[in-house]
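Just the heavy atoms: all of them, side chains too, but no hydrogens, waters or symmetry mates, feed the values below. In what follows, every chain begins at residue 1, and chains take the letters A, B, ... in the order their sequences are listed.
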Amino acid sequence: MIFSLNPNSGIPIYLQLMEQIRFGVETGALRPGDQLPGIRRLAESVVMNPNTVAKAYRELEHEGLVELRQGSGAFVSTKIDTGELAGRMKKAKPLVKHTVQRLLALGLTEEEVRRLVEAELRGHHAPNPPEPSK
Amino acid sequence: MNPLWTRSWLECRPRFMMSGLLTAVLALNAVVMMAEGEIAGQLDYWEAMSFILFGVLLPTSALLLAGAGINIQSNSGFTQGLHPSTSFLLSLPATRAQLLFTRAATGGILLLLWILVSFPLLLAIASFLNKPLPPEPLRLLPFLLLAALFYYSLWVLIAARFDEIWSSTIAMTIIGAIAGYSMAGGPGWFNMIAFMKGENGHHQLPQTLFCLAASILFFRLTLTILRKREF
Amino acid sequence: MTTAPAIEIHALAKHYGKVEALRGLDLRIPQGSLAGLVGLNGAGKTTTLRLLLGLARPSAGHASIFGLPCHSESDSVQIRRRTAALPEQKALFPYMTIAQVLQFTRGFYPHWRDALAQRLLDDFELDPKRKPCSLSKGQLTKLHLVLCLARGADLLLLDEPTDGLDPVATEIALQAMVSLVAESGATILLCSHRLNEIEQVADHLCFIHKGRALLDESLDDLKARARRLVLVFDHPNPAAEAALARHGRFRRDGRSVSLTLFSQNDEVEAEARSLGAVSVQSTPLNLHDLFLEMVKS
């Protein structure tokens with residue numbers, strides 16, 4: 001799995017990593033039981049702090065998405081139902097397609113559509129990252 | 001401690017070469033002069049050579065080998081900032097005493113070597129030119145060594161306080177002053193050349209003790225300055 | 001985590017004559033962390049490093065590394081056995097070659113790692129036969145990096161370790177640092193102006209300003225609570241502005257108002273809406289923005 005992290009965006013890196021792992025599971029790039037890259041290996045290949053990688057993995061374990069097995073590393077949990085995740089995405093796709101097409105038909109540019117969606121999302125929730133587990 | 005000896009040697013090596021070169025040039029000069037015949041009659045070989053060797057070359061070689069010490073500098077003077085690699089040296093797991101000792105001892109040993117080579121060489125040239133020499137000249141060695149120790153410890157002390165340009169200037173001034181005083185035949189303790197030639201009469205013994213005590217004092221002061229110094 | 005911090009600084013003060021370089025600095029750097037030390041020029045970063053290494057003594061306060069006090073010479077030597085420092089003044093012995101400098105340094109550290117040193121020399125393309133005085137600034141920095149990273153140290157104090165490095169060399173340097181932390185649990189204190197690099201690899205941030213620590217916390221915690229709100233009002237509303245200004249740094253431009261906050265709660269957004277803001281947008285701040293905000297306020 002290829003990760004693309006932006007350290008300068010202002011969003012904590014561990015959150016970005018968690019988000020990308022979740023996205024990987026949703027799209028099927030990561031399947032239940034797949035091994036995630038080792039902390040050291042990932043830290044070296046992306047050039048990021050290993051403690052941050054560890055934190056992301058721990059948070060995902062807390063959420064139930066990931067299993068940390070002593071001595072072997074981190075694995076995508078076999079207990080999650082990817083079917084359910086994939087199903088949600090499947091239902092969402094035509095909704096999005098329909099809305100975007102209508103907005104474009106109104107004469108909006110792609111950039112304007114993008115801005116509207118982002119504004120809607122931002123206004124929808126304040127940035128409250130999950131409580132870190134102790 | 002081991003690598004400190006290596007680096008002290010590497011640092012002293014060019015300086016040792018310099019003092020050797022300087023000695024060789026002056027000795028050669030003297031040989032040519034003496035052999036020329038013109039001046040031969042006017043100057044006493046021993047007087048001239050002892051003045052040059054004891055009054056100029058010995059303290060100058062001591063200065064070259066004392067060098068910049070582990071040092072360092074002051075915020076005044078021509079060179080701002082620290083001597084290169086001082087920050088690096090001080091961040092190593094060695095005490096300041098170890099840093100000072102290895103560097104000072106290396107320079108001191110090389111100075112000793114220089115004396116043991118150049119003094120007999122001088123005597124050899126003299127006998128080659130069939131010039132008169134005082135009897136048993138090698139008995140002067142202890143005085144030479146003490147004088148060298150005196151100068152060397154003084155230059156190391158000055159180098160602990162001033163940067164190399166200033167400390168060299170101060171040192172050369174002192175060398176000149178002592179040389180001039182000795183030339184004028186001044187009596188007493190400042191006539192280092194007479195001391196080294198063993199000709200200082202009843203001053204000879206106290207001056208011996210003075211050189212020894214002063215050297216010890218200078219080294220102690222140097223250590224105190226370095227320990228208190230902030231970088 | 002209850003392991004002792006690698007570095008502990010309490011009320012540290014240092015003055016040089018009339019100049020107060022540090023005025024009561026408090027810092028705690030956890031073991032195994034990669035901490036960024038940032039601040040304006042002259043804020044006191046290099047002075048802090050000097051005091052930690054025992055190059056100078058504090059005027060007041062206390063600093064310790066691995067539980068050992070920094071101001072006593074014998075303890076300081078103990079500390080330095082396990083520490084690697086990359087100095088601000090990067091010049092090195094003009095009479096030694098790179099190979100000799102490595103050999104020299106190696107003699108002090110029993111945990112020196114030959115293979116890593118060799119690999120880094122190759123990666124940085126340093127010729128062991130050259131002398132440091134003939135190197136460019138960037139190459140000297142690279143040499144110092146090799147000397148620090150190969151030492152097998154438990155703590156690295158790096159002052160501008162990417163100074164003069166091109167992007168490729170910077171990446172190599174950062175990767176080596178990250179690798180060291182992952183592999184040996186070493187602690188790294190990274191003193192730098194390159195905020196984007198610190199943001200990339202640090203997990204702890206210390207911000208020094210005028211001799212004091214304004215920030216000393218995990219970088220994630222800091223980013224979680226720092227944000228900028230952009231509010232739009234229908235018409236200028238001085239009463240609302242006055243009320244909101246007490247939450248943080250405040251700037252108005254026409255009908256838009258920007259507010260920089262360092263707290264995590266949503267109440268400010270709710271308050272802004274109740275005061276008549278028609279649009280409330282929250283954006284996270286990156287380290288560069290944070291730095292400028294901290295300095296201005």
Side-chain angles (χ1 to χ4, degrees), chain B residues 1-18 64-65 67-76 79-103 106-107 110 160 163-164 223-231, chain C residues 14-17 21 46-47 49-59 71-97 100-110 112 131-133 140 143-144 147-148 151 153 156-157 159:
Chain B
M1 267 270 257
N2 242 330
L4 287 175
W5 291 106
T6 316
R7 87 112 200 154
S8 299
W9 158 241
L10 287 171
E11 184 172 315
C12 289
R13 196 171 51 178
R15 294 161 181 271
F16 186 57
M17 309 283 202
M18 266 192 265
L64 280 167
L65 287 167
I70 69 164
N71 188 49
I72 311 164
Q73 157 294 335
S74 61
N75 281 316
S76 65
T79 46
Q80 287 284 336
L82 298 177
H83 178 73
S85 49
T86 300
S87 325
F88 182 71
L89 273 175
L90 290 167
S91 66
L92 295 170
T95 61
R96 295 191 188 183
Q98 282 171 324
L99 291 171
L100 173 63
F101 175 67
T102 50
R103 176 60 182 78
T106 305
L110 289 171
D163 65 52
E164 192 152 20
L223 188 59
T224 307
I225 290 179
L226 278 170
R227 280 213 177 113
K228 287 235 173 334
R229 185 77 187 260
E230 299 216 331
F231 297 92
Chain C
K14 177 68 184 167
H15 53 81
Y16 293 100
T46 303
T47 306
L49 293 179
R50 283 203 204 120
L51 289 170
L52 285 173
L53 283 168
L55 268 59
R57 270 170 297 271
S59 310
H71 60 264
S72 113
E73 186 171 36
S74 53
D75 286 317
S76 188
V77 173
Q78 290 270 66
I79 292 173
R80 284 182 252 142
R81 287 213 178 96
R82 300 164 58 187
T83 305
L86 202 153
E88 196 190 12
Q89 299 276 7
K90 299 184 170 55
L92 278 175
F93 316 104
Y95 43 83
M96 286 198 204
T97 62
Q100 284 172 321
V101 173
L102 282 163
Q103 191 63 24
F104 168 72
T105 312
R106 188 171 179 251
F108 292 96
Y109 301 99
W112 179 271
K131 291 199 169 169
C133 53
L140 262 178
L143 176 56
H144 275 285
L147 291 170
C148 282
R151 222 176 270 200
L156 279 73
L157 300 170
D159 200 343

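Counting all heavy atoms, side chain and backbone alike, Phe231(B) lies closest to Arg50(C) at O-CD, 2.6 Å. In terms of heavy-atom proximity, Arg227(B) sits nearest to Glu73(C) at NE-OE1, 3.8 Å. Scanning all heavy atoms of the two residues, the minimum distance from Glu230(B) to Ala56(C) falls at OE1-CB, 3.6 Å. When all heavy atoms are compared, the tightest approach of Gln89(C) to Ser87(B) is CB-OG, 3.8 Å. The nearest pair of heavy atoms linking Leu53(C) to Ser91(B) is CD1-CB, 4.2 Å. In plain terms, the two heavy atoms of Tyr109(C) and Pro93(B) that are nearest each other are OH-CD, 3.0 Å.
In this structure, no portion of Leu86(C) lies under 4.5 Å from any heavy atom of chain B. Looking at Gln100(C), only its side chain comes within 4.5 Å of chain B, counting heavy atoms on both sides. Only the side chain of Thr105(C) comes within less than 4.5 Å of a heavy atom of chain B; its backbone N, CA, C and O stay farther away.
You'll find the side chain of Arg13(B) stays beyond 4.5 Å of the side chain of Tyr95(C), heavy atoms only. Under the 4.5 Å side-chain criterion, counting only non-hydrogen atoms from C-beta, His144(C) is in contact with Phe88(B).
Panel note: side chain Arg7(B), backbone Phe104(C); no donor-acceptor pair is recorded below 3.5 Å.
Here the OG atom belonging to Ser85(B) is positioned 14.5 Å from the NZ atom belonging to Lys90(C), to the nearest 0.5 angstrom. Atom CG in Leu92(B) sits 12.0 Å away from atom CZ in Arg81(C) (nearest 0.5 Å).
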